[in-house]
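Heads up: the structure comes next, in structure tokens.
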Amino acid sequence: MNRHLLRAEDTEFVGLLRACSRAKDLRAGVRLHAELLKEGIPEISFLVQDALVQMYVKCGAVLKAYELLVGLRVKNTTSWNNVIAAFIGCGQCPEALDCFDQLKRQGVPANSVTFSCALKACARIRAVSKGEQIHDEIAIQGLLGCSIILGAALVDMYAKCGSLIMAEQVLKSLPNRNVITWTALVSGFALHGHGHDALRCFELMLHEGLSPDAVTFVGVLKACGNIKAAAKGERFHDEIIRKGLLRGNNVLLAALIDMYVKCGCLMKAWDILEENPDSDVFCWTSLIEGYVEQGLSEEALECFKLMKQKGVSPTTVTFASVLKACGSIGAVESGEQIHEEISRQGLLLDDFVLGSALVDMYVKCGALLKAKKARDQLPVHDLVSWTTLIAGYAQQGQNQEALNCFKQMEHFDVSPNEVTFTCILNACSHSGLVEEGEMYFTLMYTNYGIKPVLEHYACMVDLYGRAGLFNLAISFVSKIPFDDYMAVWRSVLKACEKRKDVTIGRWAFEHALQIHNGDAALYDLMSNIYRSAGMQENMESIEAVRAESKSWEKMVSF
DNA sequence: TCACGGAATC
């Protein structure tokens with residue numbers, strides 16, 4: 001068994017292969033590999049084997065490395081680890097996990113490196129059950145006591161998958177943890193929108209005497225954005241500056257700008273972006289998104305222009321944001337320009353999300369023909385693009401078209417979801433198609449298994465209300481299997497705001513008031529409806545009524 | 001060979 005012997009030519013090969021890895025010279029590496037095979041050595045030593053696999057990995061030929069490894073009669077842990085890590089590195093996580101399974105089937109022992117790689121793959125693709133299974137194996141082998149890295153990978157896996165209670169439990173049970181372990185947990189809470197928990201864990205970390213690094217700050221800034229804690233975010237900002245962490249760290253810079261944007265402090269975000277030469281497309285997109293969010297679409301488009309002037313190239317996310325801006329101010333010409341830019345770059349070929357954003361832009365501009373044309377040109381007609389089109393027809397009052405579209409969609413075997421039904425019920429309501437509406441409402445559950453939610457009930461109330469069937473509307477509400485009837489009325493009112501419908505709005509408002517006098521949100525909603533319809537005076541009178549009811553409430557409470 | 005980080009569509 002000469003593979004266990006280290007021969008002179010082995011050392012030489014290893015040296016040469018390592019040189020190829022360093023130089024990323026695949027051709028030279030392949031030549032060496034061929035030479036090795038020509039020598040007719042029946043079994044190459046582990047040392048040469050590892051060097052070969054690593055050469056292919058380092059030269060970016062992951063598949064080649066994998067094939068080589070599979071073809072070897074005897075495999076070792078390190079070679080597998082290399083290939084698994086390489087698959088993860090190029091985003092092929094299912095392949096990485098498949099390698100992990102193969103390694104176990106072949107009886108090659110997994111070590112802590114193998115496990116942390118496998119956990120990382122699970123985290124990336126949110127494969128929590130596979131992760132749990134790996135957790136069990138690790139526990140059986142008692143590996144958590146010896147590797148702090150493995151502990152962090154485990155916490156991270158649970159956190160990314162959204163099993164946050166488990167993530168925290170695991171963290172607390174670890175014999176060793178450091179700032180990275182804690183950051184995995186903090187970031188997980190922030191990632192899933194639990195800003196308060198993220199900050200709570202951050203405090204716990206400080207309590208253990210650990211000090212945050214740049215990555216920790218990214219997590220807590222995201223948490224502040226989640227809960228709109230601008231003051232707290234500002235304190236983190238100061239600390240980041242004091243520690244000099246911002247220099248050369250684009251990710252942290254973008255997180256900082258995004259925090260201010262999410263808190264609504266657009267000026268502050270703008271100032272930071274402006275004064276920082278490192279501002280990249282993430283920073284710009286965040287700000288543009290912020291403008292769109294606040295209804296400042298003109299500013300968003302200005303910002304987009306400026307960004308391009310500065311030589312920063314937009315991504316699909318940037319394009320989706322500016323399309324939204326065009327839609328909300330009906331800027332169809334700008335939208336068309338952007339459409340052209342997107343097409344030129346071939347971005348519509350593999351990004352369905354962007355395609356739907358484009359259709360939605362035309363829909364919101366009221367350009368239904370253009371919307372339909374843009375949609376027809378998309379490579380795949382997925383659920384979202386169908387639904388966008390249906391929503392478009394419904395919004396423009398072309399309700400028969402909307403219903404036709406639904407039938408076509410079924411014809412093409414695309415299954416509707418709950419959003420599709422909201423649009424359909426909306427279209428029925430607009431056309432006064434009471435019976436059709438009732439039919440679709442039933443169909444939704446019986447044919448498609450979709451349980452009606454708040455929006456659907458609200459659509460039905462709206463449908464009856466618009467048809468003048470007020471008694472039916474009210475008895476419908478009383479039958480809704482919800483604790484919170486008010487939520488349905490609020491939803492009806494929100495819909496009225498969207499389409500500037502004062503009549504139904506007023507009716508719903510008065511009814512809801514009768515049921516629950518003290519709900520302050522109702523006044524806001526009614527006032528918003530008046531605002532959307534441009535009825536300033538009525539808006540003020542609603543504010544006045546609310547003020548009165550407030551003082552009345554005060555009296556009662558004394 | 002291994003652990004924590006950035007924007008988003010109805």
Side-chain angles (χ1 to χ4, degrees), chain A residues 50 53-54 57-58 76-86 88-89 111-121 123 147-157 159-160 177-188 190-191 205 212-222 225 245 249-259 261-262 280-290 292-293 314-321 323-324 327 351-361 363-364 382-392 416-420 422-423 455:
Chain A
D50 286 346
V53 169
Q54 191 159 20
V57 162
K58 283 273 151 61
N76 69 353
T77 308
T78 310
S79 290
W80 272 121
N81 289 352
N82 265 313
V83 170
I84 292 172
I88 297 170
N111 61 21
S112 71
V113 179
T114 325
F115 284 122
S116 38
C117 287
L119 286 170
K120 186 179 186 158
S147 169
I148 197 165
I149 293 178
L150 189 54
L154 188 61
V155 171
D156 185 54
M157 184 279 295
K160 284 230 172 64
R177 50 181 175 251
N178 59 13
V179 59
I180 295 177
T181 327
W182 276 107
T183 303
L185 185 64
V186 169
S187 310
L191 177 70
M205 182 190 93
D213 65 11
V215 184
T216 322
F217 280 115
V218 172
V220 288
L221 286 172
K222 195 184 177 82
L245 292 172
N249 191 335
N250 278 18
V251 178
L252 187 55
L253 178 64
L256 187 63
I257 290 175
D258 192 53
M259 180 276 292
V261 166
K262 292 270 157 55
D280 62 8
V281 65
F282 284 92
C283 302
W284 283 96
T285 307
S286 241
L287 191 63
I288 290 172
E289 181 60 33
V292 177
E293 191 65 30
T315 65
T316 55
V317 179
T318 326
F319 281 126
S321 286
L323 284 173
K324 200 170 168 189
D351 195 310
F352 305 162
V353 171
L354 191 58
S356 296
L358 186 67
V359 177
D360 190 52
M361 180 276 293
V363 160
K364 295 268 160 57
D382 70 337
L383 169 69
V384 180
S385 72
W386 276 109
T387 303
T388 309
L389 204 57
I390 292 172
N417 69 1
E418 62 282 355
V419 181
T420 321
T422 310
C423 300
E455 282 79 13

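Lettering follows sequence order; numbering is per chain, from 1.
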Which is true for A:K364 with a 4.0 Å heavy-atom rule: it touches a base, it touches only sugar-phosphate, or it touches nothing? nothing
Counterpart residues, side chain to side chain contact (heavy atoms under 4.5 Å, CB included), relative to A:E418 (two or more places apart): A:I450, A:H456
Could you check whether A:T114 gets within reach of a base, just the sugar-phosphate, or nothing at all, counting any heavy atom under 4.0 Å? nothing
Does a side-chain heavy-atom distance below 4.5 Å link A:L287 with A:V261? yes
A:K160 meets the salt bridge (charged side-chain N to carboxylate O under 4.0 Å, His left out) criterion, sequence neighbours left out, with A:D156
For residues 250-259 of chain A, which residue pairs qualify under side chain to side chain donor-acceptor pair (under 3.5 Å), counting only residues two or more places apart or in two chains? A:N250-A:D280, A:D258-A:K262, A:D258-A:S286
Provide the start and end nucleotides, 5' to 3', of the part of DNA chain B that has atoms under 4.0 Å from heavy atoms of chain A. B:dT1 to B:dC10
Restricting to side chain to side chain contact (heavy atoms under 4.5 Å, CB included), what partner residues turn up for A:V179, sequence neighbours left out? A:T183, A:M205, A:D213, A:T216
Can you list everything that forms a side chain to side chain contact (heavy atoms under 4.5 Å, CB included) with A:L252? Sequence neighbours excluded, please. A:A214, A:F217, A:V218, A:L221, A:I240, A:L245, A:L246, A:N249
Checking all strands, does A:N178 fall into the base, sugar-phosphate, or nothing category for heavy-atom contacts under 4.0 angstrom? base
What is the nucleic acid contact for A:D213, judged by heavy atoms within less than 4.0 Å: base, sugar-phosphate only, or nothing? base
